[in-house]
Chemist: 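This is the structure I want to talk about, given as structure tokens.
As a basis for the values below, the full set of heavy atoms in this structure was taken, side chains included, without hydrogen atoms, waters or symmetry mates. Chain identifiers are assigned alphabetically (A, B, ...) following the order of the sequence lines, protein sequences preceding nucleic acid strands; residue numbering begins at 1 within each chain.
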Amino acid sequence: IEEALLFEIGRNDVTGVDFDDPAPFTERLGKHARKSSIDLPGLSEPEAMRHYVRLSQKNYSIDSGLYPLGSCTMKHNPRINEKMARLPGLGDIHPLQPLSTVQGAVELMAELGRWLLEMTGMTSVALSPKAGAHGELCGMMAIKAAVRAKGENRNIVLVPESAHGTNPATAAAIGFKVVTVPARPDGTVDPEAVKALLSPEVAAIMLTNPNTCGLFERDVVEIAAAVHAAGAFFYCDGANFNAIVGKAKVGELGVDAMHINLHKTFSTPHGGGGPGAGPVVFSERLSAFAPLPFIRVEADGPVLVENESELQAGETPFGRMVAFHGQMGMFVRALSYMLSHGADGLQQASEDAVLNANYVRAGLRDLMSQPSGDRTCMHEVLFDDTFLDGTGVTTLDFAKAMIDEGYHPMTMYFPLVVHGAMLIEPTESESKASLDLFVATLRDLVMKAKSGDVERFHQAPLYAPRRRLDETRAARSPKLKWEKPEPWSEAAE
Amino acid sequence: IEEALLFEIGRNDVTGVDFDDPAPFTERLGKHARKSSIDLPGLSEPEAMRHYVRLSQKNYSIDSGLYPLGSCTMKHNPRINEKMARLPGLGDIHPLQPLSTVQGAVELMAELGRWLLEMTGMTSVALSPKAGAHGELCGMMAIKAAVRAKGENRNIVLVPESAHGTNPATAAAIGFKVVTVPARPDGTVDPEAVKALLSPEVAAIMLTNPNTCGLFERDVVEIAAAVHAAGAFFYCDGANFNAIVGKAKVGELGVDAMHINLHKTFSTPHGGGGPGAGPVVFSERLSAFAPLPFIRVEADGPVLVENESELQAGETPFGRMVAFHGQMGMFVRALSYMLSHGADGLQQASEDAVLNANYVRAGLRDLMSQPSGDRTCMHEVLFDDTFLDGTGVTTLDFAKAMIDEGYHPMTMYFPLVVHGAMLIEPTESESKASLDLFVATLRDLVMKAKSGDVERFHQAPLYAPRRRLDETRAARSPKLKWEKPEPWSEAAE
Amino acid sequence: MRFLPHSDTDRQAMLASIGVASVDDLFTDIPADLRVHGLDLPKAASEISVERTLGRLAARNMPASSVPFFVGAGAYKHHVPATVDHLIQRSEFLTSYTPYQPEITQGTLQVLFEFQTQVAHLTGMDVANASMYDGSTATAEAVLMAHRVTKRKKAILSGGLHPHYRAVVESLSDMAGDVVAALPADPTSTEDILATIDKDTSCVVVQSPSVYGHLIDLAPIAAKAHEVGALLVAVVTEIVSLGLVESPGAQGADIVVGEGQSIGNPLTFGGPYVGLFATRQKYVRQMPGRLCGETVDAEGRRGFVLTLSTREQHIRRDKATSNICTNSGLCALAFTIHMTLLGEAGLVRLARINHANAVRLADSLSELPGVSLLNDSFFNEFTLRLPGDAAAIVEGLAAKGVLAGVPVSRLEPGKPELANLLIVASTEVNTDEDRAALVAALREVL
Amino acid sequence: MRFLPHSDTDRQAMLASIGVASVDDLFTDIPADLRVHGLDLPKAASEISVERTLGRLAARNMPASSVPFFVGAGAYKHHVPATVDHLIQRSEFLTSYTPYQPEITQGTLQVLFEFQTQVAHLTGMDVANASMYDGSTATAEAVLMAHRVTKRKKAILSGGLHPHYRAVVESLSDMAGDVVAALPADPTSTEDILATIDKDTSCVVVQSPSVYGHLIDLAPIAAKAHEVGALLVAVVTEIVSLGLVESPGAQGADIVVGEGQSIGNPLTFGGPYVGLFATRQKYVRQMPGRLCGETVDAEGRRGFVLTLSTREQHIRRDKATSNICTNSGLCALAFTIHMTLLGEAGLVRLARINHANAVRLADSLSELPGVSLLNDSFFNEFTLRLPGDAAAIVEGLAAKGVLAGVPVSRLEPGKPELANLLIVASTEVNTDEDRAALVAALREVL
């Protein structure tokens with residue numbers, strides 16, 4: 001069933017919100033009153049409800065099926081978290097109302113920080129970054145501030161080729177030069193390769209651990225030591241933290257800064273692309289540079305430090321990442337998730353996440369190819385397209401065929417170091433029965449591909465709200481907003 | 001996508017709810033402790049979420065499309081009503097906590113009663129009935145009590161053949177004999193036919209107004225007078241009240257009792273079959289007999305009268321319909337709806353409901369047949385199957401074909417007095433654009449039927465979660481709960 | 001008005017299509033002198049204004065979750081997982097009608113099939129229907145059904161039956177011309193119901209746990225009833241009890257009715273709730289209410305439909321087994337989801353915590369001077385004899401912010417011998433602090 | 001644990017399939033001496049327990065809806081229709097990922113297309129992106145974009161720009177080696193920004209209404225900027241103002257950024273909010289953030305996809321226009337639904353009520369002795385000079401249960417000349433009683 005655009009069914013004189021008219025008054029807009037029409041069509045409440053319900057029905061979601069996007073950690077989003085975020089005492093407070101009236105909020109932020117630090121073994125935390133990439137920016141700004149504080153002028157950041165695109169983009173955004181670290185055949189970073197690149201010019205290395213090939217960087221301690229010995233810092237991309245909560249503390253691995261995607265590891269909902277939240281934990285070497293605002297834990301309770309005028313000795317924040325205090329709504333959800341799991345549950349969740357990924361690996365290893373052989377993975381398992389050689393089916397075709405089987409595809413063509421990569425992260429939320437069905441479906445698809453049933457793959461998806469979309473056309477002459485059709489084109493319809 | 005039964009995917013040792021274990025204690029169950037297993041499979045929270053989300057996706061709903069079920073009034077269900085019903089002060093109060101701690105609830109019930117009485121022009125209201133049919137039962141019990149109080153022994157109830165099945169079922173449930181009143185060709189009741197049936201044996205007539213053919217009983221005043229002259233009472237089925245709110249007061253039409261379906265006229269959600277709420281309004285002649293509990297409006301505020309010991313002179317309730325005080329959750333939603341509309345909005349809603357039905361009539365009158373010719377209807381329009389004569393398409397086929405066009409079918413084969421009846425009630429919630437599309441779709445289907453494209457109708461629905469279901473097989477050897485498959489049958493699968 | 005899609009332009013265009021000049025022309029069947037012009041009610045209100053008005057009313061009530069809370073007697077404060085309330089608000093469940101078109105309502109139908117199975121398993125019966133309005137109306141329907149099955153007209157009601165339930169049965173029976181023999185209130189569980197069963201008896205109605213909290217041995221009553229050709233109707237108002245207590249089915253009940261509110265549904269001042277109704281296979285065609293059954297579609301795939309509707313009013317009219325039409329669909333959905341989340345393991349644990357909390361509370365309270373416990377056995381509710389008028393004491397405790405229970409006089413007014421009795425319930429929502437608060441407050445007011 | 005589906009039996013079976021003896025065997029890549037065994041954190045908690053813990057924290061805060069509330073300065077208390085919050089919680093929106101697979105995410109994509117169109121129309125610009133984190137980060141990104149477009153490195157910030165926004169721009173520019181010329185705080189709207197614009201200027205950043213509530217005439221600033229080849233970046237933190245105030249686009253702005261929280265999103269102590277970002281067609285390939293574009297599918301049907309991603313980090317890595325990845329999808333959805341419910345008619349009425357309430361409040365407050373209003377023009381927010389320290393007065397009013405506004409010293413600490421200034425906002429949620437309460441309370445504490 002097709003659903004028109006709002007602009008095709010709405011009318012500028014229809015509204016779905018009622019207001020009482022204000023008593024007469026004299027405007028105080030000066031000469032600034034709007035002269036032009038805005039052209040914003042409205043819908044009555046029943047029409048709006050139906051429009052957005054029907055649109056929603058064109059979406060895939062975790063709640064309706066397995067969502068094996070590697071590196072994205074699409075896990076169950078508990079509704080208790082949503083309920084807690086909507087408590088008036090948490091959802092209906094203003095960031096600038098007197099601090100005396102929001103002490104519960106400050107306590108909540110302090111508590112969230114305590115959990116994050118215990119899980120990571122780090123020293124301090126910046127809660128304000130708004131998403132993972134924003135957390136990276138925060139971490140790298142702290143590193144730049146630390147480099148400056150030492151009076152040094154290091155302008156190189158090392159990034160492995162398997163890294164998320166945000167890593168080089170972040171480093172570049174604040175003027176660093178990005179140098180790529182080559183990967184070993186199995187996708188991990190070779191400490192020798194790092195050492196070869198280290199120099200007094202190097203400010204930091206940005207490493208994802210577990211890495212984007214689903215492997216734990218087994219030489220991480222050696223790399224960290226070398227980086228520190230060279231006077232540089234170790235930034236860790238925490239996107240894959242879900243694999244190691246309660247299993248390893250990054251502070252003990254030598255990390256100086258790591259962002260944590262609350263919307264991955266701690267289940268705040270992805271919402272079709274956000275909002276996220278990207279708190280950054282710091283080692284002792286970087287703690288002083290954490291941005292404003294931050295929570296200072298004092299003897300008689302936590303204090304929210306907002307301005308430079310409130311700083312104490314040893315506090316040298318590099319500035320501010322964002323207006324206000326960060327993603328409180330996500331803090332509530334994440335803390336609700338953490339409290340629910342507890343220490344035991346968090347560890348169990350990581351174990352089950354890793355168990356599930358390996359179970360999928362075990363179910364597919366005989367039919368699908370792994371770039372560095374069949375070895376134990378962390379919370380996601382990486383395949384390449386070797387097994388499709390000669391079939392005429394590409395990774396993209398294979399992924400789109402999964403849609404027709406009722407599944408969201410896995411992450412494709414990432415990491416870039418692997419040809420035709422397929423990165424599967426089932427997460428701990430999936431039951432054995434769910435994984436069994438998933439594995440059976442994929443096995444069936446592989447057999448179909450190998451048996452020459454190619455058309456099915458090239459045509460896929462057939463059973464989705466849309467067939468494959470023409471992305472080239474979209475980019476060639478971008479149509480980014482609705483335009484009223486010309487009268488003649490209406491007549492032609 | 002298929003979804004298994006809970007009993008096929010659940011496990012008795014899995015749970016989606018955590019509890020802290022109680023400290024050791026000594027059981028006080030006597031000899032009554034359960035000895036046998038219950039056999040109740042559980043699901044973890046993510047599994048349960050997915051199971052029920054996927055099941056929901058197999059349902060049609062108002063929020064996803066027009067739902068033109070005649071006599072059912074499937075209108076928009078505002079979410080503000082849901083929000084209000086969940087205020088702790090309204091949703092989280094116990095029916096037996098001290099009345100001093102629930103005065104807001106009592107006030108709300110009184111306020112709801114005030115609105116209902118003003119809209120109907122009646123004298124008193126019984127809020128406790130749990131649904132429309134339960135309201136009918138309440139009304140007829142009050143009538144029986146009134147008959148008894150007069151020392152009479154009337155045991156006949158007159159019911160038109162076009163009535164809902166609940167009318168005769170209700171009368172019969174409390175020992176009345178049901179006598180059918182024939183309809184005039186246009187579906188309305190002939191006062192002469194009523195007069196012919198009236199006798200000292202007749203306790204009441206049960207009339208639906210507007211009637212189930214979508215017509216206002218134009219002789220209702222004359223009928224009421226005749227009924228009253230014969231010493232009988234006039235029960236009005238209020239299922240179609242949505243057509244006349246703010247347009248006519250049933251009290252002024254001579255009605256003695258009428259139930260009001262809060263889940264129809266006042267938009268409390270149908271919920272896949274309930275819960276409803278069926279308050280009954282009474283004329284002065286019946287008010288004394290209204291059941292316990294009821295609200296007595298006293299000088300210093302409303303009082304909830306729960307027991308006979310609290311009665312005042314002139315209060316002679318016939319008993320009690322239900323434990324506690326009725327459907328408070330529905331009272332909140334209905335009052336929220338009424339407050340939102342106000343006097344002006346309620347009248348406008350009825351006008352728009354009637355306007356929409358007549359607009360559909362106007363759009364289809366040249367192609368579809370109306371049993372008593374093309375005349376103005378109230379909030380629903382009735383067609384018969386004459387227009388399908390000779391096509392090989394039945395009313396059922398036609399309705400199922402609507403499913404393939406993305407619509408819920410209209411009410412079929414009701415009222416029984418019309419052959420192959422199709423009763424369409426769009427309600428006031430539908431926009432002109434929505435009705436235009438609906439009319440165009442039905443016109444297209446009629447043309448297709450007349451052009452001999454019969455197979456499409458016989459096969460329908462093709463694009464629904466299920467094709468037509470075998471109802472005979474279901475009834476022949478009823479399978480009303482899940483049974484574990486025999487081992488050999490598992491092996492055979 | 002935000003709920004009405006038409007602009008005035010739309011309305012004019014539509015009137016023109018219909019061929020009338022004004023909306024009034026559509027209402028000409030209503031006699032002109034009876035046409036209403038304006039109601040004496042307020043004008044339309046914005047959403048903000050509606051929230052203010054209802055918020056003000058809500059603020060005049062004392063919510064269960066805001067205080068130590070021990071009120072039961074047929075409705076119980078349990079914790080409902082957020083998942084339940086989220087799922088029942090999905091448009092596809094909330095705004096769907098009775099599943100008369102099974103091809104596009106398999107969601108509702110499969111849920112009802114799961115509900116029927118869960119209720120049958122819980123009660124230990126063969127079949128259950130797709131819900132009734134509530135426990136009290138289910139009980140009245142059970143009595144009518146027993147009359148149909150036995151072709152007798154006399155029901156015996158135990159003195160442990162909830163007085164509201166008794167009143168509902170009596171009111172309907174009175175109108176229908178049937179006989180009800182109701183035993184006196186039985187707060188000590190000492191009545192001799194066996195002695196009242198005779199050859200005219202169609203059914204014996206026994207509640208366990210009784211309204212006073214006593215667990216009743218149903219087996220001998222079933223045996224005696226069956227001996228004379230009568231049925232045993234077992235009533236359960238606290239369905240959580242079945243996690244720990246033997247099922248009525250296992251004890252010989254012929255019909256089990258109950259109130260399902262405890263699972264999945266909020267208190268909401270008494271409604272909407274969900275009535276449970278289960279019986280033996282042989283009586284299935286005498287059951288009231290909707291039934292969902294399994295079948296196959298035209299392609300042979302499993303599917304579900306409403307079935308055996310020849311029992312129902314929309315087919316059989318005055319010959320129907322009941323006049324019921326609307327059931328408690330959404331409450332049944334909440335029940336099923338909550339029960340699915342619990343599973344057997346969770347239900348047993350929930351029941352155990354309820355029982356543990358009640359045992360601890362009973363022990364603490366009965367140590368207070370002048371307070372005595374009337375129960376030998378109980379689940380999560382028991383009856384105390386207080387050294388004074390229970391209603392007055394409850395009011396005194398409410399003023400201190402503790403909701404202590406239901407005075408028996410609220411249900412059985414005008415009986416001085418019951419005036420000092422208090423029914424106290426404790427569930428998983430009560431903390432140690434709640435219990436301590438009640439004990440302390442009661443000590444003060446006594 | 002309720003979120004984890006496996007029973008121990010399941011786990012054992014899975015380990016066997018994998019071919020390892022224990023879960024520990026899956027973690028052998030972590031050096032043994034660094035393996036953690038137990039965290040110093042509490043054990044798993046039931047849902048009831050989580051509700052108690054977080055409820056206790058919530059109870060220590062004073063919610064906006066519980067008191068007369070006049071706090072603004074970049075975040076505003078508006079009424080969000082229940083429909084909005086219901087729809088954004090639908091599983092299909094809430095638990096979906098970034099729409100990288102357009103065939104099965106047309107719902108999210110069409111909403112983003114509607115969002116982009118609404119934002120473009122509101123701001124009077126050609127194109128808008130699919131949202132940023134919030135207004136402050138959108139402003140920082142706008143400055144970076146202006147640097148890219150003009151190939152200059154100096155941004156001029158008006159003294160009416162929200163101090164937090166200024167700090168965010170300064171922090172990032174400092175790190176990137178760019179120049180920021182920030183004018184002093186301008187509570188009286190008397191700065192001469194035109195004089196500061198020179199040939200090195202890449203952009204002028206002006207907020208209207210300013211953080212002090214003044215409406216700013218953007219046209220002359222745009223003219224002067226364009227004269228020297230610089231861009232005008234207009235900042236709107238109260239998007240409702242655009243219902244009554246001329247759009248920045250109509251006044252010549254080149255980039256419009258804003259905070260969209262006011263429409264559809266709760267206060268939530270500052271986040272998550274939704275950043276708006278719109279610009280001229282010619283700069284579209286220099287924009288940061290996601291863009292949704294129209295296209296067709298293999299059958300020629302209209303559909304939507306994320307497009308122009310060659311600007312983005314996941315393709316261009318260190319050459320991307322921004323490092324942004326996650327946006328504010330769900331908040332943008334809330335914005336779009338609320339804006340759709342409002343429509344132009346509703347937005348204008350909403351804006352009018354806001355303005356009316358603020359005008360009435362300003363008039364009442366400025367009559368108090370020693371209180372003066374600094375604004376000639378304003379929308380729903382204005383600045384007062386009080387006869388004493390504003391922060392202390394606000395604390396005093398909070399103790400009386402009135403949240404009166406934002407003392408300028410909260411945003412600009414350590415500047416004695418600003419210490420007596422108070423920024424006061426009033427929206428449609430304020431009643432006559434709220435206003436009277438503020439006036440009365442302020443009269444008392446002065």
Side-chain angles (χ1 to χ4, degrees), chain A residues 12 15-17 22 25 30 32 40 42 55-56 58-63 87-89 92 94-96 98 101 104 130-131 133 165 168-170 172 174 178 216 218 271-276 307 309 319-320 323-325 327-329 342-343 345 359 362 431-432 464 466-467 474 479 481-482, chain D residues 1 5 10 14 18 29 39 41 43-44 54 57-58 60-63 71 91-92 95-96 98 103-104 106-108 117 133 136 164 167 171 175 215 268-272 293-295 297-298 303 307 313-314 317-318 320 323 325-330 341 343-346 356 377 398 406 413:
Chain A
N12 286 354
T15 185
V17 187
F25 71 103
H32 307 281
L40 277 180
L55 285 182
S56 78
K58 301 182 189 303
N59 266 10
Y60 195 91
S61 68
I62 311 169
D63 283 353
L87 290 174
D92 191 29
H94 191 287
L96 296 176
T101 65
K130 294 247 166 189
T170 298
I174 53 173
V178 175
F216 190 88
R218 57 185 181 276
N307 289 297
S309 56
R320 176 179 271 276
F324 314 129
H325 321 298
Q327 308 285 65
M328 179 58 144
Y359 187 64
S431 67
K432 178 171 178 296
R466 281 290 178 274
R467 302 285 301 281
K479 196 166 171 190
K481 68 171 181 179
W482 182 79
Chain D
M1 209 278 132
D10 293 331
M14 294 168 75
I18 296 166
D29 276 348
L39 298 170
L41 293 168
K43 289 255 175 200
L54 293 173
L57 293 176
R60 294 188 62 203
N61 300 325
M62 188 186 283
V71 189
S91 292
E92 295 86 343
T95 77
S96 189
T98 305
E103 299 88 350
I104 47 175
Q106 285 294 304
T108 294
T117 307
Y133 305 133
S136 68
H164 283 175
S171 298
M175 290 294 170
L215 297 174
T268 319
F269 205 50
E294 186 181 317
T295 186
D297 78 351
T307 192
Q313 46 75 25
H314 64 279
R317 302 178 75 85
D318 53 326
N323 80 331
C325 176
T326 297
N327 67 357
S328 239
L330 202 69
L341 282 167
E344 176 149 357
S377 66
V406 180

Chemist: Could you check which of A:Ser431, A:Gly272, A:Gly276, A:Ala172 has the highest count of heavy-atom pairs closer than 4.5 Å to chain D?
Modeler: A:Gly272

Chemist: Shorter than 4.5 Å, heavy atoms on both sides: which option in A:Gly89, A:Pro88, A:Gly42 has the most such pairs with chain D?
Modeler: A:Gly89

Chemist: Taking D:Pro63's backbone N and O only, do any of them form a donor-acceptor pair with D:Asn61's side chain (distance below 3.5 Å, no angle check)?
Modeler: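 No, the answer is negative, given that no donor and acceptor are paired below the 3.5 Å cut-off.
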
Chemist: Quick check for you: among A:Ala362, A:Gly345, A:Gly271, which has the greatest number of heavy-atom pairs under 4.5 Å with chain D?
Modeler: A:Gly271

Chemist: Return the option, out of D:Met62, D:Glu294, D:Met175, D:Glu92, with the maximum number of heavy-atom pairs under 4.5 Å with chain A.
Modeler: D:Met175

Chemist: Looking at A:Ala133, is its backbone amide N or carbonyl O close enough to the side chain of D:Asn323 to form a donor-acceptor pair, meaning the two atoms are under 3.5 Å apart?
Modeler: yes

Chemist: Sub-3.5 Å donor-acceptor pair from the side chain of D:Thr95 to the main-chain atoms of A:Ile62, do we have one?
Modeler: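 Yes.
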
Chemist: Counting only heavy atoms closer than 4.5 Å, note whether A:Ser309 contacts chain D via side chain, backbone, both or neither.
Modeler: side chain

Chemist: Quick one: which of A:Pro275, A:Gly329, A:Gly30 has the most heavy-atom pairs under 4.5 Å with chain D, could you say?
Modeler: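 Maximum pair count with chain D is reached by A:Pro275.
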
Chemist: Can you tell if the side chain of A:Ser61 reaches within under 4.5 Å of the side chain of A:Asp63, non-hydrogen atoms only?
Modeler: yes

Chemist: Let's test your reading of the structure: which of A:Met328, A:Lys481, A:His94 forms the most heavy-atom pairs below 4.5 Å with chain D?
Modeler: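 Looking at each of A:Met328, A:Lys481, A:His94 in turn, A:His94 comes out on top.
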
Chemist: If you count heavy-atom pairs under 4.5 Å with chain A, which of D:Asp297, D:Thr98, D:Leu330 comes out on top?
Modeler: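 Highest number of pairs under 4.5 Å: D:Asp297.
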
Chemist: Would you mind telling me which of D:Ile104, D:Val406, D:Thr108 has the largest number of heavy-atom pairs within less than 4.5 Å of chain A?
Modeler: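 That would be D:Ile104.
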
Chemist: Does any heavy atom of chain A fall under 4.5 Å from the side chain of D:Ala398, the backbone, both, or neither of them?
Modeler: side chain

Chemist: Can you classify the ring geometry of D:Phe269 versus A:His325 as parallel (below 30°), tilted (30 to 60°) or perpendicular (above 60°)?
Modeler: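 The arrangement is tilted - the two ring planes meet at 30° to 60°.
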
Chemist: For the interface with chain D, which of A:Leu55, A:Val178, A:Asp92 has the highest count of heavy-atom pairs at distances below 4.5 Å?
Modeler: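 Maximum pair count with chain D is reached by A:Asp92.
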
Chemist: For each of D:Gly303, D:Gly343, D:Ala345, D:Ser96, tally heavy-atom pairs with chain A at distances under 4.5 Å, and name the one with the top tally.
Modeler: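 Top option by heavy-atom pairs under 4.5 Å: D:Ser96.
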
Chemist: What part of D:Met1 gets closer than 4.5 Å to chain A, counting heavy atoms only: side chain, backbone, both or neither?
Modeler: side chain

Chemist: May I ask you to test the D:Cys325-D:Gln313 pair for a side-chain heavy-atom distance under 4.5 Å?
Modeler: yes

Chemist: Examine whether an atom of A:Leu87 lies under 4.5 Å from a heavy atom of chain D, and if so say whether it belongs to the side chain, the backbone or both; otherwise answer neither.
Modeler: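 Contact with chain D involves the side chain of A:Leu87 alone.
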
Chemist: Would you indicate whether the side-chain heavy atoms of D:Tyr133 and A:Gln327 approach each other to under 4.5 Å?
Modeler: no

Chemist: Please report the shortest heavy-atom distance between A:Pro168 and D:Arg317, naming the atom on each side.
Modeler: CG-CB, 3.6 Å

Chemist: Side chain of D:His314, backbone of A:Gly165: donor and acceptor closer than 3.5 Å?
Modeler: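 It does not hold such a pair.
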
